[in-house]
Structure formats: C-alpha cells, structure tokens
Amino acid sequence: MNPESRTVHLLGPPARGRLKRAGVVASLALVMASGVVGSATPADRSASERAPAAPDGDRCRPAHHHRPQALPGEPGDHWNACRGPRGPRGETGATGPTGPQGPPGVTGEDGSPGTAGATGATGPTGEVGSPGLAGATGPQGATGAAGASGLTGPPGAPGPCLGIDAAQESEDFEIRVALTGGSTYAGIRDQRTGEKEDFLWTDLSGRPDYPAGGAAGLPCDVTVNAHNRTTAVKRIKFDVITTTGQIWEAACVAFTTTHPATLNCADRTGRPKPWILVSRQPTVASVNGGV
C-alpha cells in the first residue's frame, strides 16, 4: 500500500462526511445571505444551470462505501464542487529563520594525469657542404720605369716690387718716396700756413742711368734720407735697392722760395741729374768695407 492510500484511510468515511456536511452548511449560509441582500444575478443563475447534476442524486452526500476518497483539492474531489465561494485569502505569515547550513559534501578525487607520449627519434644531421675553391689571382702588372727629369726652366720674371718711405726735417715741408709699377716717385708737401697740403710728385724713373734690368736689376724697394736743416740749400737723396742687390741713388733740392714748396732734380744747366751706383756695395762678411 502506498503512502497516499494510508493517508486517506486514516481519515475514514466519518471524517469525510463531516467535511462535506460542514461545506453544505457553509454554502446554505451564503445562499441565504445572498437572498437577503437581493435576488441572484443572471450570471449566478446561468452558472447554477450549467452545473452538472450530482451522480446518484446528490454528489455532496458522503459515499455509502469505504472506497478511498480524494482529499479536498486533489483529483476526484467532490467536496470542492459542493462548497460555496472561496473566502478571502489570509495574509502570508513571516518567513521563518534560515536553518543551519549542512556539512560540506565530500570533495571528488582529481583525475590522474595522462602519461606523456614518447619523444620521437632525432632525425639525422645533414652533411656540411665542401667549401668552394678560391679563384686564381691574376698576374700583377710590371711597374713602369720612372721618366727622365725635365730640364730646369729659366728663372721667371720677378714679381712687382712696392715700397714707400717718408721724412720731415723742416717745419715748412715733408718728403715722400714711393715705388710702384716699376717706377720711382719723389714727393713734397708744403706745411706752411695758408698753403694747400697737396703732394707734388716728380717721376725719377726717366732720369739717366735708372736701373732697368740686366746686371743692375730692377728697383725693388726705396728710401729717403734726412736733410740738413741749417743749410740754405736743402739737398735730399733718394735710394733704391734692386733685385740684384745693387743700391742706386738720386739727389734733389727742396725749394721753399716758391709757394708751395717744390723739388728740383736737375743740375745747374737744367739737365736731369743721373742715378749713381753708390761707391762700394754691401758684401758678405764685410766690416767697414764692401766692393
């Protein structure tokens, strides 16, 4: 016998009869209350008309046999068909406290690790290729013989020589000498009040015996000497040194009787004074001597 059957037989026919009678009484009370308030609505009449007739005349009566009956709310329950409308649902009670936590379950066993596969055999090592042969070295060309030295060329023309010098022994004038472009120039400038302070130049290159090459060489530098301030005739000398090392000299006289002061480089007859190779030239290791 299953548990459900045991539960039903415990109640028994008298219990089921009492339950049904209590339902009938409750239904009659509701019907009478409805009659007092007012007549039934068409919907209520329609519902009563559609209700099926109870088997054996009154299905709400207790059965006269001991066949197990379903409890209220279960399938085959005739009690629900005979009872009145359901009363209002009562409020849900407060939730009870949570019960204690049960003991933890048994931890499952870990699976055993799988066996590693066997390592494959190592393949054979490839053969090393043989090195290639080095290419043959080409023959080295013979070194050509050195060419013969060329002949020494003649000396080139000397470069241009430039020079300048100055002197002032008088408060009335000052002297300059300049070498440029192969020519030698003597200059004088008056310093007296009221005179123009312009240089007046005289070209000495056109005078006789001016060194112009050959053994004498070419003038390469110039200088002017001081003159005597106490003499009436103020004689001035101009010197050049040539590319061959020779020293040549020319003389002029400064005249202050003119305005402005001038240079006179001619003799008493009016002819230009020549250049003179000075007596004795400097030589190597000479002491108060020369040639």
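Values reported hereafter were calculated over all heavy atoms of this structure, with side chains retained and with hydrogens, waters and symmetry mates removed.
- Rounding to the nearest 0.5 Å gives a distance of 9.5 Å between CZ of Phe238 and CZ of Arg207.
- Taking 4.5 Å as the limit, some side-chain heavy atom of Tyr210 sits within range of a side-chain heavy atom of Pro219.
- When all heavy atoms are compared, the tightest approach of Gly187 to Phe199 is C-CD2, 4.3 Å.
- Note: Asp172 CG to Asp190 CG = 7.0 Å, rounded to the nearest 0.5 Å.
- A donor and an acceptor atom, one from each side chain of Thr223 and Asp165, are located under 3.5 Å apart.
- Separation of atoms CH2 (Trp275) and CG (Asp239) is listed at 7.5 Å; rounding is to 0.5 Å.
- For the atom pair CZ of Arg189 and CD of Glu174, the computed distance is 4.0 Å after rounding to the nearest 0.5 Å.
- At least one side-chain heavy atom of Pro282 sits under 4.5 Å from a side-chain heavy atom of Ile247.
- Within the 3.5 Å criterion, the main-chain N or O of Lys237 finds a donor-acceptor partner in the side chain of Asn225.
- The side-chain contact (heavy atoms from CB on, under 4.5 Å) test with Leu179 is passed by exactly one of Val240, Thr184, Leu162, Ile241: Thr184.
- Taking CG of Leu263 as the start and OG1 of Thr258 as the end, the distance is 9.5 Å to the nearest 0.5 Å.
- Panel note: side chain Gln246, backbone Ala215; a donor-acceptor pair is recorded below 3.5 Å.
- Nearest heavy-atom pair across Ala261 and Arg192 is N-NH2, 3.6 Å.
- Using a 4.5 Å heavy-atom threshold, the side chains of Ile164 and Val222 count as separate.
- For the atom pair OG1 (Thr242) and CG (Asp221), the distance works out to 11.0 Å, reported to the nearest 0.5 Å.
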| said: Between Thr202 and Cys252, does the side chain to side chain contact (heavy atoms under 4.5 Å, CB included) criterion hold? Intermediate values first, please. | reply: CA-CA 10 Å; Thr202 299; Cys252 298; over 6 Å; no
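- At least one donor-acceptor pair closer than 3.5 Å links the side chain of Thr244 to the backbone N or O of Ala216.
- Asp209 has its side chain out of reach of Ile276: every pair of non-hydrogen atoms, C-beta onward, lies at least 4.5 Å apart.
- Across all non-hydrogen atoms, the minimal contact from Leu204 to Cys265 is CD2-SG, 4.0 Å.
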| Full working for side chain to side chain contact (heavy atoms under 4.5 Å, CB included) between Tyr185 and Arg176 | CA-CA 8 Å; Tyr185 303 91; Arg176 295 290 189 276; over 6 Å; no
| Run the side chain to side chain contact (heavy atoms under 4.5 Å, CB included) check on Gln168 and Gln191 step by step: do they pass? | CA-CA 10 Å; Gln168 182 176 354; Gln191 295 293 306; 4.0 Å; yes
| task | List the steps, then state whether side chain to side chain contact (heavy atoms under 4.5 Å, CB included) holds for Cys161 with Leu218. | result | CA-CA 9 Å; Cys161 294; Leu218 297 172; over 6 Å; no
